Amino acid sequence: MDNVKKVLEYLRECEVFYMATVAGSEPRVRPMSGVCTVEGKLCFLFSRRSELYHEIMANRRVEISAVHPDKSWISIRGWLKEEESRETKDHMLKACRDDIEDMGIMDQEEMAVFSLQEGCVILRDRNLQKEKKFAMD
């Protein structure tokens, strides 16, 4: 299993993960669940109306973290690139239907999809006291 699929599976098993951004000089952290892979890239779903979308447009660097039910945790750093293709949005519509409904997104024009670029992952197993570091690209 390649690293992108491994991270996607891990985040889905966590059900909720947290994305940290910066608004001006203030940190912001939000729970999220809209994630899938498109053409080998880890992609995230946002509403263009959200503050989160505007924060990412101003500063594309993010950090994502989650705690797995087995008590291990993940930390992912990178930057986000907006994906504009209709195919990518169609794929996200199919993969994240529940998240789209929860966010109240009405159409594809309101939907923003971003892919993770230059992702660096730390996966830590507290029980085994092991830590893995790997790149997503």
Side-chain angles (χ1 to χ4, degrees):
M1 181 181 309
D2 71 13
N3 290 341
V4 174
K5 288 181 183 177
K6 185 185 309 182
V7 170
L8 175 66
E9 182 178 304
Y10 189 95
L11 291 175
R12 286 198 172 150
E13 289 172 359
C14 291
E15 294 185 24
V16 175
F17 55 92
Y18 298 88
M19 182 175 287
T21 61
V22 177
S25 63
E26 298 295 321
R28 298 284 188 258
V29 179
R30 291 176 182 80
M32 300 189 62
S33 59
V35 62
C36 73
T37 59
V38 179
E39 296 177 1
K41 297 179 274 192
L42 195 64
C43 292
F44 302 93
L45 172 69
F46 307 100
S47 167
R48 291 182 186 278
R49 294 180 291 150
S50 69
E51 288 180 19
L52 177 59
Y53 173 80
H54 296 287
E55 289 166 15
I56 290 169
M57 293 304 289
N59 182 347
R60 295 183 183 249
R61 300 216 54 82
V62 297
E63 187 159 346
I64 299 158
S65 64
V67 176
H68 194 274
D70 70 8
K71 304 295 185 218
S72 63
W73 57 262
I74 194 168
S75 178
I76 307 163
R77 291 182 184 155
W79 62 275
L80 298 178
K81 174 186 171 197
E82 190 164 12
E83 299 291 337
E84 298 286 347
S85 78
R86 173 82 52 207
E87 295 81 17
T88 299
K89 288 184 176 184
D90 285 344
H91 187 85
M92 190 61 108
L93 278 169
K94 291 174 187 164
C96 298
R97 173 112 5 238
D98 292 341
D99 296 295
I100 290 168
E101 290 174 11
D102 288 347
M103 295 167 73
I105 295 174
M106 302 301 167
D107 58 39
Q108 279 197 12
E109 297 308 313
E110 186 180 334
M111 184 172 83
V113 177
F114 285 85
S115 62
L116 182 70
Q117 305 292 312
E118 299 176 12
C120 176
V121 178
I122 298 172
L123 187 56
R124 172 90 171 144
D125 187 325
R126 289 185 351 186
N127 299 322
L128 299 177
Q129 296 297 311
K130 288 186 177 179
E131 187 172 281
K132 278 191 205 176
K133 294 181 182 181
F134 55 90
M136 292 279 293
D137 299 326

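These numbers were taken from a predicted model, which means no experiment stands behind them. Just so it is clear, the values below take in all heavy atoms, side chains as well, and ignore hydrogens, waters and symmetry mates.
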side-chain contact (heavy atoms from CB on, under 4.5 Å), that's the test. Do Glu55 and Arg30 meet it? Break it down for me. CA-CA 12 Å; Glu55 289 166 15; Arg30 291 176 182 80; 3.0 Å; yes

In sequence, state the C-alpha distance, the side-chain angles, and the governing distance for Val38 and Glu83, and then conclude on side-chain contact (heavy atoms from CB on, under 4.5 Å). CA-CA 10 Å; Val38 179; Glu83 299 291 337; over 6 Å; no

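- By the neighbour-count criterion of 12 heavy atoms within 6.0 Å, atom CD of Glu15 is sparsely surrounded, having that number or fewer from other residues, nucleotides or ligands.
- Judged by distance alone, with hydrogens and angles left aside, the side-chain atoms of His54 form a donor-acceptor pair with the main-chain N or O of Arg48 at under 3.5 Å.
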Mind running side-chain contact (heavy atoms from CB on, under 4.5 Å) on Met32 and Ile64 for me, showing each step along the way? CA-CA 10 Å; Met32 300 189 62; Ile64 299 158; over 6 Å; no

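- With respect to the salt-bridge test (charged N to carboxylate O, under 4.0 angstrom), the residues Glu118 and Arg60 do not qualify.
- The backbone N or O of Glu63 sits nowhere less than 3.5 Å from a side-chain atom of Tyr18 that would complete a donor-acceptor pair.
- Classified by interplanar angle (parallel below 30°, tilted 30° to 60°, perpendicular above 60°), the ring pair Phe114/Phe46 is perpendicular.
- Under the side chain to side chain contact (heavy atoms under 4.5 Å, CB included) rule, Val7 has a single partner from Leu116, Leu123, Ile74, which is Ile74.
- Between the side chain of Arg12 and the backbone N or O of Val35 there is at least one donor-acceptor pair closer than 3.5 Å.
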Show, in sequence, the C-alpha distance, side-chain angles and deciding distance for Met19 and Ile56, and conclude whether the side-chain contact (heavy atoms from CB on, under 4.5 Å) test is met. CA-CA 11 Å; Met19 182 175 287; Ile56 290 169; 4.2 Å; yes

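- A salt bridge does not link Glu51 with Arg28: none of the charged nitrogens is closer than 4.0 Å to a carboxylate oxygen.
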